[in-house]
Each structure stands twice: as C-alpha cells, then as structure tokens.
Visitor: 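Right, I'll just put the structure down here and ask away after.
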Amino acid sequence: MTHYDVVVLGAGSGNTVIDKSFAGLSVAIVERGPFGGTCLNRGCIPSKMLIRPADVVDAAADGPRLGARTSADGADWDAVRDRVFGRLDEVSADGRAYREGLPGVDLLSGTARFTGPRALRVELDDGGTAELTADQVVLATGSRPVVPDIEGLDEVEHHTSDDVMRLATFPRRIGVVGGGYIGAELAHVFAAYGATVTQVESGEALISNQDHDISQTFTRIVSQRWDVRLGTSLERVSRAAGGTVMHLDDGSEVEVDALLLAIGRRPNGDLLDLDRAGVETDDTGRILVDEHQRTSAEGVWALGDASSPEPLKHVANQDARVVKHNLLHPDDLRVSDHRFVPNAVFASPQVAAVGLTEAQAREQGLDLAVARHEYGDTAFGWALEADDRHGEAAGYVVKLLADRATGRLVGAHLLGPQASVLVQPLIQAMSFGQPVADLARGQYWIHPALTEVVENALLALAGELAG
C-alpha cells in the first residue's frame with residue numbers, strides 16, 4: 001500500500017492539474033489509455049486535423065464559382081491519417097516521458113477502482129496490481145462513446161470516434177449513425193475525402209441541440225452534400241459480401257464499407273466503483289460536484305467529462321484550473337464559472353453558439369429581442385459569394401438574442417465560415433455583462449473584415465432593444 005498526497009485518475013485535462021506548484025508533494029497519475037486523454041488521441045485535435053484537409057477540398061471545389069481555376073478530387077487518406085497521428089502519437093509519448101521523469105510524480109498505466117474512501121486498486125497494464133491511498137483524489141476519467149444495442153452488431157465490424165480516424169483503409173461507402181456534432185464533423189470529413197456518406201438520425205434535424213433555426217439550416221445545407229436520413233433509426237445490421245448492410249426502420253437498406261456509431265458519449269464514472277468511495281452520481285452516471293468541483297466524498301474532486309454536463313475540452317481545462325488552485329489553497333476555494341459555455345461544430349459550414357437558444361429563452365419567459373444578419377449582406381460576404389440566393393451560402397447567418405429588461409445578450413448563434421472565431425466577442429460580452437449597445441458602438445470593427453457580420457447583427461439587435 002502506497003500513500004500519496006494527491007492521486008489523479010486520468011491524464012487528459014487531469015494531467016494539467018499537476019505542475020511545479022506541487023513540488024514537495026507526492027503525486028500519482030493513473031491512466032488506462034494513451035497519455036493525453038481523449039482530446040489529444042481520439043477527439044478534438046485529430047478530428048480538426050482531419051477537418052482541415054476536408055475544408056481545403058471543399059474550397060477547391062468551390063473555386064470555379066468564384067472564377068478560380070481549381071478542382072477537387074478528394075484526399076489521400078493514408079497521407080492525411082499518417083500526418084495526423086505521426087505527430088499526435090509522438091506528442092502523447094513525449095508527454096508520458098516527461099511525466100515519468102519528474103521527481104515526486106509516479107505515473108501508473110492501468111485501470112483504477114475505489115476500494116474505500118480515498119483508497120484505490122490499480123490493475124496495471126503489465127499484469128500486476130497497485131494499492132493506493134491518498135489525502136486528495138482527482139477524478140478526471142473522461143467519457144467514452146455509447147455503443148447502442150442493435151441487432152447483429154456483434155457480427156459486423158463497426159467503429160466509434162475512438163478508432164474511426166485511424167482506419168487502415170479509406171471506406172468508399174460509410175454509414176454514420178447519429179446526428180450530433182461528432183457525426184456531423186466526421187460525415188463532413190469522409191464526404192469531402194470522396195466517400196459516399198449515409199447519415200441516419202432519428203430526430204427531425206442534425207445537431208438538434210443547437211438553436212432550431214441553425215439546426216434546420218445546417219441540415220438543409222449538408223443534405224446537399226451527402227445522404228441524410230431523418231426520422232429514421234438503424235434497426236439491425238447484417239454482413240454482406242462487400243461490407244455491412246444497414247437495415248433501417250423505414251424498410252430501406254444501405255450497404256456500406258464502414259459503419260460509424262456516433263450517438264453520444266457517457267461518463268466513465270461507472271467503471272470506478274464510486275459507491276465504495278461515497279461519491280454520488282446522477283442518473284446518467286455523471287459525478288455530482290459543487291461549485292468548487294468537490295464531490296460528495298471528502299477529499300475527492302472531479303472535473304471535465306466525468307462531472308460536467310458540457311463534455312467539452314475548454315470546460316475540462318477550466319475545471320482543472322479550479323481544482324489545481326483548490327487542492328493547494330483549501331482556505332481560499334475558487335468557484336467554477338459555467339454560466340456561458342460556448343460550443344462549436346467544425347463541419348462545413350461551421351456552427352458556434354453560446355447561451356440560450358430562442359426556444360429556451362422563451363420558455364424562461366424573457367422579454368426577448370431577436371436580430372439576424374446574413375453573411376451575404378456584408379462586404380466580405382460578397383467576397384465569399386455568400387449572397388448567392390440559389391446556393392447553400394444563403395443560410396450563413398448570425399442570430400442574436402437579448403433580454404429587453406437588461407439590454408444584454410442571452411444567446412448567440414452563428415452558422416457560416418469562421419463561426420467558431422466570430423463568436424468570441426459575444427462570449428466576452430456575456431461573460432463581462434457588456435450591454436448590446438456598448439458592444440455594437442463602443443469599439444471599432446475592421447472594415448471589410450468578416451467580423452462586420454457580428455457588428456451588423458449587434459446594431460440590428462440594439463435597434464430592436466431601443467424600439
């Protein structure tokens with residue numbers, strides 16, 4: 001039995017908790033997968049590195065519309081995949097080597113489970129076991145893809161986001177089950193690279209957690225690029241000579257070379273025997289924490305996907321900063337700020353959002369002001385040909401919501417190029433309580449930069465508030 005001052009389970013954002021300020025303390029970090037966690041190895045970073053070539057292909061295909069002599073012929077899957085993971089696998093290995101070389105920090109490769117309050121048994125990858133106790137335990141164990149119970153699934157090859165980005169052979173036909181951000185982003189990748197994509201979604205729109213106007217427009221746009229089956233479920237699967245047959249509940253069948261299941265993720269807390277430690281969870285398995293990231297068990301903290309309803313890397317990083325401070329300063333605890341958590345979908349077109357959707361705002365009974373401004377009604381939008389009323393670009397828009405009682409933003413929803421960047425001043429305004437009128441006219445907006453679409457939406461919103 002080895003005792004530590006701090007034990008951290010998970011080497012994703014959990015790894016960032018431990019820095020030089022812990023010098024002199026004994027620390028153990030336990031990781032059961034590749035060092036660096038989901039984001040580095042099988043999540044947001046490799047997916048965005050795959051998305052960049054997809055965006056280049058789309059831009060090349062769009063050239064003739066702008067008068068440029070360009071053409072697109074997909075992408076070299078092997079070259080792109082090897083570039084991505086040739087770099088990221090090295091980063092993961094280097095991160096592990098760095099941690100292993102630090103005095104006072106033990107890195108254990110294996111799977112940990114609680115045996116009692118702040119007591120753990122680690123089943124080591126090398127076949128041994130380790131018994132640990134600690135004064136403080138940090139749960140940064142992340143989440144994993146949900147694999148649904150579908151008839152025949154155990155008889156066919158299938159993939160999740162954990163492994164589909166490392167496919168040895170590019171699939172010329174791929175079925176994507178699920179219409180959330182993971183399914184949308186990876187459908188964009190495979191379609192741009194040259195695959196025939198069939199995306200199956202049981203709801204009436206893709207990315208349905210977004211504002212209704214945004215999700216509807218996004219669905220319309222991407223349905224022009226690949227086959228989107230809405231209001232449809234995958235009933236069963238079977239083997240075929242050329243791959244896998246998807247049997248849909250509308251009676252149709254689709255044969256594919258690869259099957260991607262992207263219907264969501266679940267927290268890994270159910271793998272930890274949390275009841276033995278006195279750590280409470282909700283009915284989804286998410287670890288319950290207070291505003292300081294403390295669990296129900298004394299000396300046990302949680303962060304990121306393990307405890308957050310927003311399974312996003314920037315949330316996990318924020319949580320990690322709070323936990324790091326609170327571990328070292330028990331008499332000066334910091335509070336996590338989860339008021340305005342932004343999100344983005346890095347498909348084509350991009351989507352970004354922060355705050356309430358229009359439906360949520362109206363459900364709360366807010367006296368709501370709503371304004372929209374399309375990309376095509378700005379100078380840079382003309383450069384993008386975003387005023388093409390017959391093409392997809394007609395839907396590129398910034399939609400803003402404000403509370404008339406306060407004159408402040410309560411929601412921002414963007415669809416179009418660079419949405420993930422354009423949303424940032426709106427996040428800042430909401431975070432610091434800046435009134436819409438001040439944000440619109442209290443600063444310069446570069447002309448003719450694409451940010452003018454945000455400026456003009458704010459001006460329209462300010463007018464709505466004044467009226």
Side-chain angles (χ1 to χ4, degrees), residues 181 184 205-219 221 309-310 312 314-315 318 337-347 349-378 380-381 386 393 395-446 449-467:
Y181 76 94
L206 303 179
I207 56 171
S208 58
N209 64 317
Q210 299 288 334
D211 183 86
H212 179 267
D213 292 344
I214 300 298
S215 66
Q216 290 290 324
T217 304
F218 178 86
T219 302
I221 290 173
E310 304 282 357
L312 301 165
H314 43 277
V315 174
Q318 186 276 160
D337 183 356
H338 294 139
R339 293 173 303 155
F340 307 113
V341 177
N343 64 79
V345 182
F346 292 85
Q350 281 191 11
V351 172
V354 61
L356 302 175
T357 66
E358 183 174 354
Q360 290 169 338
R362 296 198 184 282
E363 286 173 3
Q364 292 185 17
L366 297 182
D367 186 5
L368 201 62
V370 182
R372 299 170 179 82
H373 198 85
E374 293 197 359
Y375 279 52
D377 292 331
T378 63
F380 202 91
Y396 296 169
V397 69
V398 173
K399 176 180 178 179
L400 303 180
L401 316 173
D403 181 2
R404 293 184 186 276
T406 64
R408 291 182 169 85
L409 286 169
V410 295
H413 306 277
L414 294 79
L415 173 73
Q418 297 303 313
S420 60
V421 176
L422 295 177
V423 73
Q424 193 62 47
L426 304 171
I427 301 168
Q428 181 173 322
M430 293 175 68
S431 298
F432 294 102
Q434 193 170 11
V436 169
D438 289 355
L439 181 61
R441 275 290 172 249
Q443 61 184 315
Y444 279 103
W445 297 83
I446 293 174
L450 191 53
T451 44
E452 282 188 323
V453 68
V454 176
E455 176 194 16
N456 290 339
L458 287 166
L459 288 171
L461 188 62
E464 287 289 324
L465 290 168

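All residue numbers in this chain count up from 1 along the given sequence.
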Visitor: With rounding to the nearest 0.5 angstrom, report the CD to CZ distance, Q350 to F218.
Guide: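 If I round to the nearest 0.5 Å, the distance is 10.5 Å.
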
Visitor: Main chain of I214, side chain of T217: is a donor-acceptor contact present, judged purely on distance under 3.5 Å?
Guide: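 It does not hold such a pair.
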
Visitor: Set out, in order, the CA-CA distance, both residues' side-chain angles and the distance that settles side chain to side chain contact (heavy atoms under 4.5 Å, CB included) for K399 and V370, then state yes or no.
Guide: CA-CA 7 Å; K399 176 180 178 179; V370 182; 4.1 Å; yes

Visitor: Quick one: pull up CD in E310 and CD in Q318 and give me the separation to the nearest 0.5 Å.
Guide: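 Here the rounded value is 12.0 Å.
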
Visitor: So which atom in S208 and which in S215 form the shortest heavy-atom distance, rounded to 0.1 Å?
Guide: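 Scanning both residues, the minimum pair turns out to be CA-CB, 4.2 Å.
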
Visitor: For V345 and I207, which heavy atoms make the closest approach, and how far apart are they?
Guide: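 Nearest pair, atom of V345 first, then I207: CG2-CG2, 4.3 Å.
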
Visitor: Could you tell me which non-hydrogen atom of L461 sits nearest to which non-hydrogen atom of L409, and how far apart they are?
Guide: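 That would be CD2-CD2, 3.6 Å.
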
Visitor: Check step by step if side chain to side chain contact (heavy atoms under 4.5 Å, CB included) holds for V398 and N456.
Guide: CA-CA 9 Å; V398 173; N456 290 339; over 6 Å; no

Visitor: Looking at H413 and L401, would you say the former's side chain and the latter's main chain have a donor-acceptor pair under 3.5 Å?
Guide: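 Absent.
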
Visitor: Where the side chain of Y396 meets the backbone of P349, is there a donor-acceptor pair that is under 3.5 Å apart?
Guide: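 No, the answer is negative, given that no donor and acceptor are paired below the 3.5 Å cut-off.
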
Visitor: Above 12 or not: heavy atoms from other molecules or residues under 6.0 Å from NE2 of H338?
Guide: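 More than 12 heavy atoms, drawn from other residues, nucleotides or ligands, come within 6.0 Å of this atom.
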
Visitor: Going through the distances and angles, do I427 and Q424 end up as a side chain to side chain contact (heavy atoms under 4.5 Å, CB included)?
Guide: CA-CA 5 Å; I427 301 168; Q424 193 62 47; 3.8 Å; yes

Visitor: With rounding to the nearest 0.5 angstrom, report the CG to CZ distance, D438 to R408.
Guide: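 The distance works out to 8.5 Å.
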
Visitor: If you look at every heavy atom in A402 and V436, which pair is closest and at what distance?
Guide: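 Between these two residues, the closest heavy atoms are CB-CG2, 4.2 Å.
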
Visitor: Calculate, to the nearest 0.5 Å, the distance between atoms CZ and CG belonging to R404 and L366 respectively.
Guide: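 The CG atom of L366 is 11.5 Å from CZ of R404, to the nearest 0.5 Å.
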
Visitor: Write down the atom of L415, the atom of G395, and the distance for their closest heavy-atom approach.
Guide: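 Between these two residues, the closest heavy atoms are CD2-O, 3.5 Å.
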
Visitor: Nearest 0.5 Å, please: how far is CG in L414 from CD in Q210?
Guide: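 Rounded to the nearest 0.5 Å, the CD-CG separation comes out at 10.0 Å.
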
Visitor: Checking the side chain of W445 only, and the main-chain atoms of A440 only, is there a donor and an acceptor separated by less than 3.5 Å?
Guide: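 Yes: the side chain of W445 pairs with the backbone of A440.
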
Visitor: Hey, could you give me the CD/CG distance between Q364 and L356, rounded to the nearest 0.5 Å?
Guide: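 Between Q364 CD and L356 CG, I get 5.0 Å after rounding to 0.5 Å.
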
Visitor: Can a donor-acceptor pair be found, under 3.5 Å and without considering hydrogens, that links the side chain of S420 to the backbone of A352?
Guide: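 Checked: no pair found.
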
Visitor: So which heavy atom on L439 is nearest to which on A429, and how close?
Guide: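 L439 and A429 have their closest heavy atoms at CD2-CB, 3.4 Å.
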
